Amino acid sequence: MARNRKEVEIVNEANENAIANKETEGLSQGQIVFRRFIRHRAAMISVIFLFSLIAIVYTSLDWRLGNKEKPFVIPGWWKYHFEDMPELRYADCPGGTVGCPTIDAVPFFDGDGMSLGEHPFGQDDIGRDYLSLVMRGAQRSILVMFIIGIIAATLGTVIGAISGYFRGWVDGVLMRLVDFIITVPVIIIGSVIGFHYGNKGAAFLALLLGIFSWTGLSRLVRGEFLTLREREFVDAARVAGAGNRRIIFKHILPNAVGVIIVSVTLLMSGAILTETALSYLGFGVVAPDVSLGLLISTYQDAFTTRPWLFWYPGLFIIAIALCINFIGDGLRDAFDPRQRRRLSRKDKANARKLESRAEVA
Amino acid sequence: MLAYVMRRLGALVVILFGSSFLLYNLSAYSTDPLADLRLSDAPNKEQLILTLTRELRLDLPPALRYFIWLRGVLGVFVGNPNFGLTRENEPVIDAITGAIPTTVRLVLVATFVAIVLGIALGITSALRQYTRFDYGMTFFAFLLFSLPIFWVAVLLKQYLAIDFNDFLVTAKITPGWIVGLSAAAGFFWAAIISGTRKRVTLIFIGVFVANSIFLSIISATEWLAYPRLGPIAIAVLGVGIAYGVTYLSMGLSDKNALKTTLLMVAVGTVSYFPAQAVLDSNRPRLGMLVLFLILLAVSVGGAYIFARIDRGPIIRTSIITSTLIGVLILIDKMMQAWRPFIESDDVNYRPVATIGQSTIWLTEVPFWVRVLDFAMHLILPTIALTLISFAGYIRFSRGTLLDVLNQDYIRTARAKGLTERTVIMRHAFRNTMIPLTTIMVGDIAGIVGGAIITERVFGWQGMGTLFNKAINSFDLNLLMGVILFLSTLAILANLIADLLYSVLDPRIRVGAGK
């Protein structure tokens with residue numbers, strides 16, 4: 001009995017291989033990866049969710065450009081700006097607190113429908129609308145995340161590529177530089193930088209943090225290049241007269257792009273946590289600007305009395321980081337050539353149908 | 001091998017030199033120790049500025065100052081290191097050596113718990129690949145990856161400390177909680193064991209009922225308010241441990257192994273009585289050591305009496321069993337200290353601490369109360385650090401075990417007709433541990449870095465506090481001391497990880513590259 005089951009399993013495995021092979025017939029590598037990614041349900045949900053979140057966050061507040069007195073305003077969909085100071089709401093808050101959230105997220109069970117109210121996320125001590133503060137914080141955090149991601153990706157890829165491709169003394173020097181930076185924990189470097197340059201704005205802080213975050217990626221890229229440069233297609237390109245730059249960017253890099261994309265997404269989810277942690281410690285974004293970590297740090301003692309001041313920024317951090325992590329996981333699965341999709345019952349039925357049709361024909 | 005280690009140590013010195021130079025200049029150029037003096041309106045402002053400039057050698061450019069600092073540090077090689085003074089004129093080395101034990105205590109416990117739990121969950125998840133349990137674990141791990149530790153810490157303080165302390169006053173578990181907890185346990189075990197629908201339902205019901213009864217008894221006897229184990233509970237738990245450990249390491253069919261571990265349970269239970277006297281004496285640490293050595297000797301002896309073949313593995317099994325029973329005896333000892341602990345004025349019925357590393361005792365208290373106090377202060381930071389770091393272990397051990405299970409030697413082992421237990425524990429698990437070990441060692445330095453935030457949240461006085469202080473008071477010497485310590489730790493950890501890798505996996509020979 002047990003042996004029979006094993007045999008059935010082996011037959012199934014062969015079948016699944018055949019189905020998987022049939023599916024990828026005539027597709028380019030990019031198309032295969034894209035299809036695999038589309039099928040990763042958690043990753044697709046995360047992509048949609050993250051992009052909607054980014055859209056909502058960046059369109060929420062007025063953009064006040066130009067000088068302070070007569071700014072050029074691009075209106076957002078939310079009525080308050082994070083610098084506005086509406087009157088603090090005293091009425092109908094539980095337990096004698098002030099500025100409680102007015103959001104009503106329960107649909108029709110409690111008699112009335114869902115509504116946002118005047119201050120959906122409540123108000124802070126001095127009456128600033130907390131929704132606009134959280135939106136501003138999320139804007140900063142996402143901005144920092146992308147800047148760090150882009151800088152680290154560029155630097156890490158270029159330095160790793162040069163080092164792995166040319167080897168020799170160039171490699172030696174660059175990798176010692178990596179060693180110098182990698183020995184000190186990111187949070188330490190970040191604090192030293194953040195303490196001194198946090199007041200220059202979130203973008204500048206992100207720029208400096210990016211300059212110190214490329215090391216892990218560059219090691220990975222170097223490793224990829226060291227193996228790829230020995231492959232036949234590189235020799236062929238060289239014989240055909242391609243220059244170094246062309247070989248690096250047109251021949252080797254496309255083959256290493258999977259590793260790079262995956263580790264950059266993971267780096268970005270790390271970056272948003274680093275930024276919030278630094279802001280929490282007081283070494284990141286500083287007042288009067290707003291960041292999610294700073295909001296949590298400011299209001300953590302208010303947790304027992306006014307928990308909304310604590311919950312909303314935290315939930316935004318988690319939502320963003322979770323989405324990025326799932327996207328990274330989906331990309332890793334999509335780029336992994338050994339990864340075989342688990343075939344659903346529907347797939348197997350389809351394949352059987354196709355097979356029987358072929359037999360009839 | 002020796003040559004390789006020497007070369008790596010040489011490289012270590014060079015790297016430390018480079019990274020400290022980099023960071024020294026980075027911080028020196030961006031700090032201005034005179035900033036608050038310049039803004040002050042003290043009458044002797046010029047004088048103060050001059051004095052401080054001379055003291056900190058601010059007249060020299062940072063690159064030169066670095067070498068002055070380095071000359072002091074290089075004193076390590078002649079046995080006379082000089083890391084400079086802090087701004088409070090305390091030697092940096094004293095400040096750091098004072099902070100190390102605190103941070104180590106915090107990090108070691110958290111790392112240990114994270115490793116054990118993470119590997120257990122990761123391996124279960126891999127063995128149940130593509131089940132609901134596996135998907136649940138994946139989601140759980142990603143959720144933990146995305147949690148900011150300071151945010152978790154505030155939640156823990158509220159729900160695990162403040163609310164739990166309130167609960168401990170009566171220690172009555174409400175029926176709602178009993179049902180909820182039992183249902184959660186039922187779902188957990190049903191998801192792990194899995195099988196046909198009927199079996200899953202049976203498991204769920206069984207676990208649910210057993211848990212409900214257990215929790216009701218706990219609640220009715222107020223066990224949480226008056227916790228104790230006593231020899232009977234130790235014996236019962238010990239038999240459970242003996243069966244569990246023997247099952248995992250040797251298999252229950254090995255009667256010799258089972259006999260040896262059960263002997264250890266008997267010896268451990270009997271030793272409970274003399275242990276009380278020993279642990280209550282005025283030299284409890286020595287007592288613990290003696291107790292442990294006796295248990296160790298008996299486990300080796302027992303294995304020699306009962307086992308003719310497989311002596312090595314059986315000795316190992318019985319040592320693990322007796323260590324766990326020893327831990328039970330210690331836990332019981334701490335539980336005995338529970339009432340004096342929470343009734344003392346300094347604790348005042350708030351046992352789970354939210355802040356600080358130990359209670360400041362105003363009166364003299366017994367040794368075990370102090371130990372218990374340390375443990376109660378460790379709980380929250382350990383949970384926070386564990387939650388953050390064990391997600392990595394879950395993912396990594398799952399991935400590695402799945403890789404290993406696809407190897408040919410696993411197929412061979414199955415083909416030889418070995419039991420599933422032997423294949424998993426002897427063939428797969430050990431090979432999974434090789435890459436995991438190196439990850440663990442490499443992680444320690446990172447966790448120390450992460451402890452900086454944890455210390456801040458929970459008000460511990462460790463390396464993180466020093467670091468914060470150094471940055472905020474522009475204390476370059478202190479800052480460099482902390483950084484030097486952390487980076488040395490990181491590099492040494494990497495070196496050890498590489499060496500361990502070659503010891504564990506004979507196919508890898510370090511230093512054979514050149």
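On a predicted model such as this, the values are computed, not experimentally measured, just so you know. In what follows, every chain begins at residue 1, and chains take the letters A, B, ... in the order their sequences are listed. When reading the values below, keep in mind they use all heavy atoms of this one structure, side chains included, and skip hydrogens, waters and symmetry mates.
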Report yes if some heavy atom in the side chain of A:Tyr280 is under 4.5 Å from a heavy atom in the side chain of B:Val457; otherwise report no.
yes
With chain A, the option among B:Val14, B:Ile149, B:Leu155, B:Leu147 that has the most non-hydrogen atom pairs under 4.5 Å is B:Leu155
Ordered numerically, the heavy-atom neighbours of chain B under 4.5 Å found in residues 320-328 of chain A are A:Ala321, A:Leu322, A:Asn325, A:Phe326
Applying a strict 4.5 Å limit to non-hydrogen atoms, the region of B:Val152 in contact with chain A is neither
Between the CD1 atom in B:Ile471 and the CZ atom in A:Phe283, the distance rounded to the nearest 0.5 Å is 4.5 Å
Filtered by a 4.5 Å non-hydrogen cutoff, the part of residues 462-470 of chain B contacting chain A is B:Phe467, B:Asn468
Across all chains, not counting sequence neighbours, the side-chain contact (heavy atoms from CB on, under 4.5 Å) partners of A:Glu230 are A:Arg167
| said: Would you say that A:Ile317 contacts B:Trp151 through its side chain, given a criterion of any heavy-atom pair below 4.5 Å between the two side chains? | reply: no
Whatever's closer than 4.5 Å to a heavy atom in chain A on B:Phe21 counts as neither
Under 4.5 Å to a heavy atom of chain A? For B:Leu143 that would be both
CG of B:Leu144 to CD1 of A:Ile318, rounded to nearest 0.5 Å, is 10.0 Å
Assert top hit (heavy-atom pairs under 4.5 Å, partner chain A, pool B:Arg395, B:Arg456, B:Lys157) equals B:Arg456
The interface call for B:Ile483 against chain A, heavy-atom contacts under 4.5 Å, is side chain
The interface call for B:Asn406 against chain A, heavy-atom contacts under 4.5 Å, is neither
For residues 184-195 of chain A, the side chain to side chain donor-acceptor pair (under 3.5 Å) pairs (sequence neighbours left out) are none
Note: vs chain A, highest number of non-hydrogen pairs under 4.5 angstrom among B:Pro148, B:Ala11, B:Ala153, B:Ser20 is B:Pro148
On a heavy-atom basis, the closest approach of B:Phe150 and A:Thr276 is CZ-O, 3.6 Å
